[in-house]
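Notes to accompany the following structure.
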Amino acid sequence: MKRFPMMLQLALILFCVMAIPTATLTWYSGAQILGNSEHAIAESALAGLNANRNLNENTLDILAQNTIRLAGTHFFDKIRPYKTFEEINSNYENVFNALSVQQDLMSLNRIGDGVYSSFFYVSDSDYVVSTDKGITKLERYEDFDWMKEALAEREGISGVWYPRKLDSGVDVISYVLPLNRLSTTMRGTIVVNLRETQMENEIRSSSSGEQRYMLMNSKGTIISHYDKSMLFKNGSEETVIREILAQDKAEGYVLREHDKERLLYTWSRSKQFGWIYVKIYSINELMTKAHTLQKNIIFLTAGIIFAGTILTVIFATWLSKPARELVRTLRKRGHLGVKGRNELAYLDAAFRRMQEEEDALHGLLHVREKDASSFAVHNLLRGELTPPAAVMFPARYFIVAVISIDRYRKYVSRNNPEMRSTHRQLLISQCDSMFPNGVHTRCVYQGDGCFAIVINYGLLEFEREGAGIDVAISDIRDKAEELLVHSVTIGVSSPTESSDNVGERVIEAMEGVKHRMIAGSGGIIYWKEQEGRDKRYIYPANSERRILNYLNHGQLDSIIKELEIISGEIRSAEYISYDNILFIYHQLVGVTIKHLRENYVNTARIFAGRGNIYATLASIDTLDDLEDYFRVFYGEIVQHLARSPGETNNYGERIISYINEHYREEIVFEDMAKEIGISYSYMRKIVYEMTGMSTIDYLNQLRIEKAKQLLVDSRLTITQIALEVGYYNVQSFNRFFRKFEGMPPSSYKAAKLRTS
């Protein structure tokens, strides 16, 4: 398209614009055709069938209600005493009573259209009162054997409709209502015979295209049919009717081809009687109007398209003239390397180059501005005030707050690098926006889970917003815990009036963070001068000797009590520094390892898989966590000194068996160790001794081996295989698979398929 002249392209565009009326007309015609399409006609025919069914059901309901109402008037009590035909004819009064009953039946016939006859039979009598044969003996009337079959399907005390052919040859639907004690003390049965032709009048309609109809009961027996020879036969012998009977739907329709003609079968089930109403239409006849309408619209559309084509050429020539002149001017002034293309392509290349240059300039400015800003803040934290920092922090007073992620190693193990980077960006943006107006802040990341916030404010802001700064710091702590799903501790320095002292305030804030060793994690610690900072280090030498003595005798409970004494002494000290606390516990580790080596104990086997003990101590935030660590530390030593080789093998088999059985699940190793009955650190050492790898590496290697089998032997997708072997996201699965196999799962599968 770029090689065609601009005027031709514009003509095409305008043609499409002019084609909107055509599209509107086409939509209108499509809607009209759809309204007369097969399925739309089917829905309309089905609605008509439902209307006919409702009309028929109303007629039957009215007739049944009138019959029940007549039974409730006790008019039959007039002939209750008469058990024989002779008793009725014995005197005039008896005949009169029987005739009055017959007159009531005649009135019932006149209420409903299409009623052929009705009669009443007194139980255990030898006569019948009817509207067609009068008062006659039972033996002269028709056989009543059909009545037993009809009443067999009766439910409750209401009557039942039953199709049959009278002895006179008339096809009727009989309503049979046995009298019951709730309505009268009389025993007998009322029967009202409705002509089948009345059903036909109500089911059939005058709509065009209707060919046939039928009415069947739930068993498929035909009650009413356009072909009277089919009455009382099984309608399921026809294939389509058999399909309809097999349907569970209350209503519906199907389209079938029969003798090169499309036929529409609609059906509707009666909830009241369980009958199935069916109508059959000829689609060819019904679609005649739709085809005619479609042809008319096609002719009209062709006329509009022809007129639109002429108009688009005229408008394209007129509208493209300014653009063509602009392109000629640009080509005279410079060349963009666009050859053999039209005016639009030339303009597009020109504007694209301008946009690229502008975006590159904005991106470069933004990056440089951001980097310069962060660099200026880092310099300020080191005590160097640069011109950009002076612009960012123009007020008089400074405070530094340091946010430190508690138990940082645990946080790192739970979040991959991408997630940690996202957390850092979100937290920095939140910190810069949560302080009151007039307070200048900037947050930067300093590494190892620490963020530094420089807070700059004037005297008026401090007097007016001092409490607001404290509230903002508290809100930042809560927001950080929400973003990281992990607790943080914030250390806040004292204020200073000089930017040269900001570096010292960073140290104060870090000292406040370190104070969580005693105060606990998750708090906000404000730095304040403490007396006794220059005192000598304290060290529990007596406790050290007792711990070594208890270790020789394997008295773990006594060691734990001694550790509690040490922590109590630390807590009761008037002032003790973070470095002093680490010194105490570092010294305990050192003398313990020295003592074990002097007693020819292989410490490498005890501490295998534990990593650098001193780095682990430095990463612990609180005194409670240090106590927990040393309980496990000495517990493992005592356990190692007391255990036998057979015990290790037994635990190892149980550990490996547990991992092999539960590798698809999310295993919490601490809970797993408790279930087996050993400490988590001891369990890690056993796994390392048996497999030469850490517990998590062994679990992931097992999962990857299972995944390799599924990649080759199953048709599961990568996502399904990841879930099958215990990974809840594909990214983790891909990362570990690449770690152990050196390639992604898809490449491994492709390679195996090629070799096979």
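Sequence positions, counted from 1, serve as the residue numbers for this chain.
Note that CD of Gln102 is 9.5 Å distant from OG of Ser100, once rounded to the nearest 0.5 Å. Atom CD1 of Ile68 is separated from atom CG of Leu177 by 5.5 Å, given to the nearest 0.5 angstrom. How far CG of Asp167 is from CG of Asp132: 10.0 Å, rounded to the nearest 0.5 Å. With values rounded to the nearest 0.5 angstrom, Leu179 atom CG is found 6.5 Å from Thr189 atom OG1. Note that CD of Glu243 is 9.5 Å distant from OH of Tyr265, once rounded to the nearest 0.5 Å. Here CZ of Arg269 is found 11.0 Å from CD of Glu251. Values are rounded to the nearest 0.5 Å.
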- Dump the intermediate steps for salt bridge (charged side-chain N to carboxylate O under 4.0 Å, His left out) on Glu196 and Lys228, then the final yes or no. CA-CA 10 Å; Glu196 184 271 338; Lys228 305 308 176 186; 2.8 Å; yes
- Worked verdict on Ile276 versus Ile241 for side-chain contact (heavy atoms from CB on, under 4.5 Å): CA-CA 10 Å; Ile276 303 173; Ile241 301 302; over 6 Å; no
- Leu245/Trp267 under side-chain contact (heavy atoms from CB on, under 4.5 Å): CA gap, chis, key distance, verdict: CA-CA 10 Å; Leu245 290 172; Trp267 81 87; over 6 Å; no
- Task: Under the side-chain contact (heavy atoms from CB on, under 4.5 Å) rule, what do Tyr127 and Leu138 come out as? Steps first, then yes or no, please.
- Result: CA-CA 5 Å; Tyr127 66 91; Leu138 184 62; 6.0 Å; no
- Task: Show your working on side-chain contact (heavy atoms from CB on, under 4.5 Å) between Glu149 and Arg164 and close with a plain yes or no.
- Result: CA-CA 11 Å; Glu149 181 180 351; Arg164 63 193 184 97; over 6 Å; no
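When all heavy atoms are compared, the tightest approach of Ala98 to Ile135 is CB-CD1, 3.2 Å. In plain terms, the two heavy atoms of Ala150 and Val160 that are nearest each other are O-CG1, 3.7 Å. Of all non-hydrogen atoms in Ser714 and Ile721, the two that sit nearest each other are OG-CD1, 4.4 Å. Between Pro163 and Ile173, the shortest heavy-atom contact is CB-CD1, 3.6 Å. Taking every heavy atom of both residues into account, Val725 and Ala707 meet most closely at CG1-N, 3.8 Å.
The shortest distance between side-chain heavy atoms of Glu142 and Phe119 falls below 4.5 Å. Looking at heavy atoms from C-beta onward, Met199 lies out of side-chain contact with His225 at the 4.5 angstrom threshold. Proximity of Leu99 to Val129: side-chain heavy atoms (C-beta onward) are nowhere separated by under 4.5 Å. Between Ile203 and Lys279 the shortest side-chain heavy-atom distance falls below 4.5 Å. Between Lys133 and Arg140, the closest side-chain pair of non-hydrogen atoms is not below 4.5 Å. By the 4.5 Å heavy-atom criterion applied to side chains, Thr131 and Leu108 are not counted as neighbours. Residues Trp161 and Ile223 fail the side-chain proximity criterion, which asks for heavy atoms closer than 4.5 Å. Counting only heavy atoms from C-beta outward, the side chains of Asn97 and Val101 never approach each other to under 4.5 Å.
Between the side chains of Asn700 and Lys739, no donor-acceptor pair is found at a separation under 3.5 Å. Between the side chains of Glu57 and Ser270, at least one donor-acceptor pair of N or O atoms lies under 3.5 Å. Side-chain atoms of Asn193 and Ser117 include a donor-acceptor pair closer than 3.5 Å. Residues Tyr213 and Asn52 bring no donor and acceptor atom of their side chains to less than 3.5 Å of each other. Between the side chains of Arg654 and Ser657, not a single donor N or O lies within less than 3.5 Å of an accepting N or O. For the 3.5 Å distance criterion, the side chains of Asn56 and Arg53 fail to qualify, holding no donor opposite an acceptor. For the 3.5 Å distance criterion, the side chains of Tyr82 and Asn94 qualify, holding a donor opposite an acceptor.
Heavy-atom neighbours of Glu93 CD from other residues, nucleotides or ligands within 6.0 Å: at or below the threshold of 12. Other residues, nucleotides and ligands contribute over 12 non-hydrogen atoms within 6.0 Å of the OH atom of Tyr728. Surrounding NZ of Lys165 are more than 12 heavy atoms belonging to other residues, nucleotides or ligands, all under 6.0 Å away.
Shown here are the ring pair (Phe, Tyr, Trp, His ring centres under 6.0 Å) partners of Phe737, two or more places apart in sequence or in another chain: Phe733, Tyr748. In this structure, Phe232 has no ring pair (Phe, Tyr, Trp, His ring centres under 6.0 Å) partners at least two apart in sequence or on a different chain. Scanning for ring pair (Phe, Tyr, Trp, His ring centres under 6.0 Å) contacts around Tyr663 gives an empty result, with sequence neighbours left out. Applying the ring pair (Phe, Tyr, Trp, His ring centres under 6.0 Å) test to Tyr162 and every residue at least two apart in sequence or in another chain returns Trp146. Thr197 pairs by the side-chain contact (heavy atoms from CB on, under 4.5 Å) definition with Arg195, Glu200, not counting sequence neighbours. Every residue two or more places apart in sequence or in another chain that forms a side-chain contact (heavy atoms from CB on, under 4.5 Å) with Gln731 is listed here: Asn729.
Formation of a donor-acceptor pair under 3.5 Å by the Thr59 side chain with backbone atoms of Leu55 is found in this model. Remark: the backbone N or O of Phe85 is paired with a side-chain donor or acceptor of Asp126 at under 3.5 angstrom. Within the 3.5 Å criterion, the main-chain N or O of Lys83 finds a donor-acceptor partner in the side chain of Glu87.
The aromatic rings of Tyr141 and Phe144 stand perpendicular to each other, their planes meeting at an angle above 60°, with 30° marking the opposite boundary.
Note that Arg703 lies in the cation-pi zone of Tyr727, set by a 6.0 Å cut-off to the ring centre and a 45° limit from the axis.
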